[in-house]
2 protein chains.
Amino acid sequence: MESGCRRRHKGEVEDSVKRASVTLHEVAAAAGVSIATASRALTGKDRVSAQTAEHVAAVAERLGYRVNLIGRGLRAGTGATIGVVVPVISNPFYGELIHRLEDHLQQRGFDLVIADSHGDVERERDRLRMLVERRVEGVFVVPSDAELSFDAVADTATRVPLVQLDRRVIDLPADFVGVDNHRGIELAIAHLTAAGATRLVLVSGNDVTSVGRERREAFENTVRARALPRKENIFGEYLLRFGEEAARTLLSRGPLPDAIVAGDDLVAAGVIAALKRALVHVPSDVQVTGFDGTMLADVCEPRLTTVVQPFDELAREAVEALTRRMDQPDAPYVLSRVAPSLRVAESTSADH
Amino acid sequence: MESGCRRRHKGEVEDSVKRASVTLHEVAAAAGVSIATASRALTGKDRVSAQTAEHVAAVAERLGYRVNLIGRGLRAGTGATIGVVVPVISNPFYGELIHRLEDHLQQRGFDLVIADSHGDVERERDRLRMLVERRVEGVFVVPSDAELSFDAVADTATRVPLVQLDRRVIDLPADFVGVDNHRGIELAIAHLTAAGATRLVLVSGNDVTSVGRERREAFENTVRARALPRKENIFGEYLLRFGEEAARTLLSRGPLPDAIVAGDDLVAAGVIAALKRALVHVPSDVQVTGFDGTMLADVCEPRLTTVVQPFDELAREAVEALTRRMDQPDAPYVLSRVAPSLRVAESTSADH
DNA sequence: CTGTTAGCGCATTCAT
DNA sequence: ATGAATGCGCTAACAG
């Protein structure tokens, strides 16, 4: 009728070892109270005499006690943790986004666990599985493939509240928060044509990601709507290197277009770098626009005119969507689009 | 003599609710075996008949079972998790570093939990505490302050294997892995002086971080050793904006130096941007070097000559140091310095 | 206000 | 090869 034999190879040697962490049990014993009282005193969520509360706190402090979130989590059925899976943490865009996400989550008392899928579907599946097995409260994911990510993301969504961020999986019934890519591309094109440009080329990510598709479609639609000449666009990955390659391709094709609409800032930076090396002047010879509004846009020379994503709003919307899903698991799925804005800088000419 | 009353408001409704995850208990029941056998069958670490193993696996699959890492962690006393605290995840340098860390840890079966201290000592303390309470196996930390981070980092180090990364806390008895800043600055200066530059100015982070101190000391020492003229250096934060301000300050001072040695790529990019706006040509009017070797160096125009940190080696060394500390908690502390290299590009002239 | 007790999900002895 | 039982650290009933 007792709680079994307590392990005895601990407790005495404790001080020298140090690394074997102090348990609530030990704090309670040292304070001369029951483990329940110790728990209450420390969490403060329940009635305890101010005196014992203080005493227990002092003892805990002296012993260097730290709650074991694993124990608490098991009991509570959950730790207060949210997970996020991004394709490449080293892309400044995701770095900035995570930054904001963490801010908003912190306000609501959640910790953020970050995982990197390296843009690989297999790895993405692994990371999502890990988060599920950790029993995180919710998951944000930037799917690495608009189609191939389906199974893993869909399965995860049945197990835990999930919100797709920035990119989405085609036909997946799950919440999504991202920028209005159509509006963004339109802003860029409107700005360029206002300055007199008519021959535009899109250099962007391919159809593997939803973002790539949307920006391509937006570009094609807008060009058609404005009856601009149709040129051959170039598609690849959202990498600096791709931007450089694309620029070289354009140069080899003959006469340059009036303007190059890049799929993101990274690609735009690559394009500009390659053009300058070929002694092509931006914006007088050819104008360039970016997308995202990362620090890269400010580092470029000339500084990049770019479609700015509202990072903070994006993060706020995403957290809101997730908490809504947590509260109402059966609410209808929402696709939330935040409006981008255009930041005009030096890579597009004012010299009409 | 039984295992108590098992909760009964579950199990039957399960299918519709879905979100209440399947337990090992339920798998065992459905498979008609004991929970112990189910556990063995699934982990595969113990003897089970191939037949039951297969059967259990099938049932688990059908039920959509996922281990509860919280439960396993409590039992095992630990989950296989490593934590890392960085000052700013949106700095490409840390993004890249985390990327590599994750790679090396994955090979050893560890998950990485990333936390952002925003360069704030209070927040850093919070994040470290969170990791300790989660009972992570080990911690990497890039201390945000060479002195004020002492208490929190020191305390954490007594509780869990810890390795300081990139930056360190002064006089803290704990492992450290970082680049050889002295060597790096020397490489930059040697390159610049070889091209004939003599009047050098350092524009770098202040003494708040160990990196700032070391690069400043390295610069001062090298300048002295080479008997170069001493100029007034400029110190601030590792931000794009600081680089711009510093460049303006230099311009207002009168004649420019032969070369500007920037504390990192971000600062260098800011310096270059501001110089170009003032119609100062790089490298013919003034040369500029960076530090880190991030993608920013390639985005700059002209491309930045920079001291490249070997990210992969850094990460590998760090993981090695951590596992060593985990295996031998009482081994002497080591300060590991990896050697940087110089990547010469366009921001320093070859036109001697 | 405080103590007793049960049990979260899992892996692991110890029997069989 | 399998099952029964125990406890990891913690909190939440339930008594007192």
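Note that the structure is a prediction, hence the values are computed from the model and not measured. To find a chain, count down the sequence lines: A is the first, B the second, and so on, and within it residues start at 1.
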Review point. For the helix from dC1(C)-dG16(D) to dT16(C)-dA1(D), what is the angle between the axes at its two ends, each from 5 pairs, rounded to 10°?
Key: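 Inter-axis angle at the ends, rounded: 40°.
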Check your understanding: Got a sec, which residues hit salt bridge (charged side-chain N to carboxylate O under 4.0 Å, His left out) with Glu133(A), two or more places apart in sequence or on another chain?
Key ->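 Glu133(A) satisfies salt bridge (charged side-chain N to carboxylate O under 4.0 Å, His left out) with Arg129(A) only.
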By side chain to side chain contact (heavy atoms under 4.5 Å, CB included) - contacts of [X] (at least two apart):
| X | value |
| --- | --- |
| Arg72(A) | Thr43(A), Val67(A), Leu69(A) |
| Asn68(A) | Ile70(A), Arg135(B) |
| Arg75(B) | none |
| Ala58(A) | none |

Check your understanding: Checking salt bridge (charged side-chain N to carboxylate O under 4.0 Å, His left out) for the pair Arg316(B)/Asp103(B): CA distance, chi angles, key distance, verdict?
Key -> CA-CA 9 Å; Arg316(B) 182 156 34 79; Asp103(B) 279 346; over 6 Å; no
Practice item. Output, in order, the C-alpha distance, side-chain angles, deciding distance and verdict of side chain to side chain contact (heavy atoms under 4.5 Å, CB included) for Leu105(B) and Asp111(B). Key: CA-CA 7 Å; Leu105(B) 288 173; Asp111(B) 284 329; over 6 Å; no
Roughly how many Å is it from [atom1] in [X] to [atom2] in [N], rounded to a whole number?
| X | N | atom1 | atom2 | answer |
| --- | --- | --- | --- | --- |
| Ile35(A) | dG9(D) | CD1 | P | 9 Å |
| Arg134(B) | dG9(D) | CZ | P | 18 Å |
| Arg47(B) | dA11(C) | CZ | C1' | 16 Å |
| Glu133(B) | dG9(D) | CD | P | 15 Å |
| His25(A) | dC10(D) | NE2 | P | 10 Å |
| Leu24(A) | dA12(D) | CG | P | 12 Å |
| Glu26(B) | dG9(C) | CD | P | 8 Å |

Examine [N]: is either OP1 or OP2 under 4.0 Å from a nitrogen or oxygen in the side chain of [X]? Give yes or no.
| X | N | result |
| --- | --- | --- |
| Ser34(A) | dG3(C) | yes |
| Ser39(A) | dT11(D) | yes |
| Ser49(B) | dA1(D) | no |

Enumerate donor-acceptor pairs with a distance under 3.5 Å from any side-chain N or O in residues 78-86 of chain B to protein atoms, sequence neighbours excluded.
residue, atom, partner, partner atom, Å
Thr78(B), OG1, Glu137(B), OE1, 2.5
Thr78(B), OG1, Glu137(B), OE2, 2.4
Thr81(B), OG1, Arg134(A), NH1, 3.2
Thr81(B), OG1, Arg134(A), NH2, 2.6

Name the closest nucleotide to the [X] side chain, picking from [options].
| X | options | result |
| --- | --- | --- |
| Val33(B) | dC10(D), dT11(D), dG3(D) | dG3(D) |
| Thr52(A) | dT12(C), dT2(C), dC10(D) | dT2(C) |
| Thr43(A) | dT11(D), dC10(C), dT4(C) | dT11(D) |

**Study point:** Reported OG-to-CG distance for the pair Ser90(B) and Leu97(A), which is rounded to 0.5 angstrom
**Key:**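 Nearest 0.5 Å value for the OG-CG distance: 11.0 Å.
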Practice item. Pull out every residue in residues 53-61 of chain B that has a heavy atom closer than 4.0 Å to any atom of DNA chain D, ordered by number, or say none. Key: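 Per residue number, the list is empty: none.
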**Study point:** Residues in ring pair (Phe, Tyr, Trp, His ring centres under 6.0 Å) contact with His55(B), at least two apart in sequence or another chain
**Key:**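 Ring pair (Phe, Tyr, Trp, His ring centres under 6.0 Å) list for His55(B), sorted by chain: empty.
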Review point. Considering residues at least two apart in sequence or located in another chain, which fulfil the ring pair (Phe, Tyr, Trp, His ring centres under 6.0 Å) criterion with His118(B)?
Key: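 Scan of His118(B) (ring pair (Phe, Tyr, Trp, His ring centres under 6.0 Å), adjacent residues dropped) gives His99(A).
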Point to revise | Closest contact, heavy atoms only, Ala115(A) versus Glu102(B) | key: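 Ala115(A) and Glu102(B) have their closest heavy atoms at CA-OE2, 3.9 Å.
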Practice item. Salt-bridge test for Glu96(A) and Arg100(A): reply yes if a basic N is under 4.0 Å from a carboxylate O, no otherwise. Key: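 Looking at Glu96(A) and Arg100(A), the cut-off is met.
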**Study point:** Asp120(A) and Arg125(A) ion-paired at < 4.0 Å
**Key:**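 Between Arg125(A) and Asp120(A) there is no salt bridge, as every charged N stays at least 4.0 Å from the carboxylate O atoms.
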Sub-3.5 Å pairs of nitrogen or oxygen atoms, protein against nucleotides 14-16 of chain C:
none

Review point. Do any of residues 66-79 of chain A sit with a heavy atom less than 4.0 Å from DNA chain C, and if so which?
Key: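 Result for residues 66-79 of chain A: Leu74(A), Arg75(A), sorted by number.
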